[in-house]
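Whatever order the structure lists them in is the order used to number ligands and atoms, beginning at 1. Note that the structure is predicted; figures quoted are calculated from it, not measured.
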Amino acid sequence: MVSTWEDFYAKHPPPQDLAQNEQALKEFTRKHLEADKKVVLVTSGGTTVPLEHNTVRFVDNFSAGTRGSVSAEYFLEHGYAVIFMYRVKSLEPFSRHFIGQKFLDLLHISENNETSVITVLPEYTQKVATVLRKYREAFDQKKLLQLTFTSLSEYLWLLRSACQALAPLENKAILYLAAAVSDFYIPSHEMSVHKISSSGPPTISLQLVPKILAPLVSLWVPKAFVVSFKLETDESLLISKARTALNKYHHNLVIANILQTRKQQVVIVSKETDYPLSLTNEQLDNGDEIEQLIVRDLVEKHIKFIRSKEVS
Ligand code: PAZ
């Protein structure tokens, strides 16, 4: 059985920090609306579906947050203000360059009169400086707002609030929905309160998540430029599924990708056309990022979209 999106919101309470996030969203979008800036909402990372109310176990969706965090940086470079809505502990713009041990490898420690002096190794100084400058500019000039979710329900509540805040920007807003959102969930009233016992194999019944693109496109941000992503593992289904989504939800674009090749190739699918964007093996080895091509392509399309609305 599929419940409606209204049902989902009625049966799942909002996250505790929603009011605070809504305030931040309101201030951010108001500032950029007044400055006549374009704003993009980038969703990134996977949602969890808890199996218990006191959650010990959950079903997760695959996504490292690379697509979203890299794209957010390129949108900033193109002059967009960015709302980056991401899964807790997935990759974030700027800090993604220095994750894990890589960060410690950048540093040098020397002892000086019992004082430890830590510096960036000379061979990395330029890279750190470049990233740091962009990071400071984005935050000091309030061009980047970061908000987090973990579970499917938190994601859906925050997404709706972000859309409500973006609606006044009309066609100046892009929705770039790169998060990997679960298609299945356990309704709140069917979920075990405590940790499921392991004394026997559990029977877990998942329901379909209502398709949130429907109200998003038709009700929440009907004037925005909406881009969804389609991830498949079977190449023969990719384009047909992307097109089906476009015909069903009437949004602007689907970016289709295959799990194993997603960093090297995507297909940009609109109602009329589809074409690949790709990197050669050499470009990939050099550290080029396919998100640079994706964002450049979208920015051009967004400019045309805004112009088309001005003349019509
Ligand atoms: O986050 P990541 O770079 O590891 O992966 C990106 C992605 C594959 C999750 C994204 O490009 C995507 O396709 N998102 C939508 C997934 C879906 O069909 O639900």
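Contacts between L231 and ligand 1, counted as non-hydrogen atom pairs separated by less than 4.0 Å, involve both the backbone and the side chain. Using a 4.0 Å cut-off between heavy atoms, S90 makes no contact with ligand 1 at all.
One finds a salt bridge joining E73 and R96 here, because a Lys/Arg side-chain nitrogen approaches an Asp/Glu carboxylate oxygen to under 4.0 Å.
The contact set between ligand 1 and T66, taken as ligand atoms under 4.0 Å from a residue heavy atom, comprises 1 (O), 2 (P), 3 (O).
Between the CG atom in L253 and the NE2 atom in H251 there is a gap of 8.0 Å [rounded to 0.5 Å].
Aromatic ring orientation, F225 versus H302: tilted (interplanar angle from 30° to 60°).
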- Message: Run L147 and F28 through side-chain contact (heavy atoms from CB on, under 4.5 Å) and show every step you take.
- Response: CA-CA 12 Å; L147 302 171; F28 189 83; over 6 Å; no

- Message: Could you go through S151 and Y185, starting from their C-alpha distance and side-chain angles, then the distance that decides it, and tell me whether this counts as side-chain hydrogen bond (donor to acceptor under 3.5 Å, both in side chains)?
- Response: CA-CA 10 Å; S151 67; Y185 77 115; over 6 Å; no

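From the protein, the heavy atom lying nearest to atom 12 (C) of ligand 1 is F229 CB, 3.6 Å. Counting protein heavy atoms only, atom 5 (O) of ligand 1 is closest to R262 NE, 3.3 Å.
Annotation: cation-pi geometry not satisfied between R67 and F229 (NZ/CZ under 6.0 angstrom from ring centroid, within 45° of ring axis).
When the heavy-atom distances from atom 14 (N) of ligand 1 to A180, A178, G45 are ranked, the shortest goes to A178. Across the listed options N257, I258, I290, I255, N257 owns the non-hydrogen atom lying nearest to atom 11 (O) of ligand 1.
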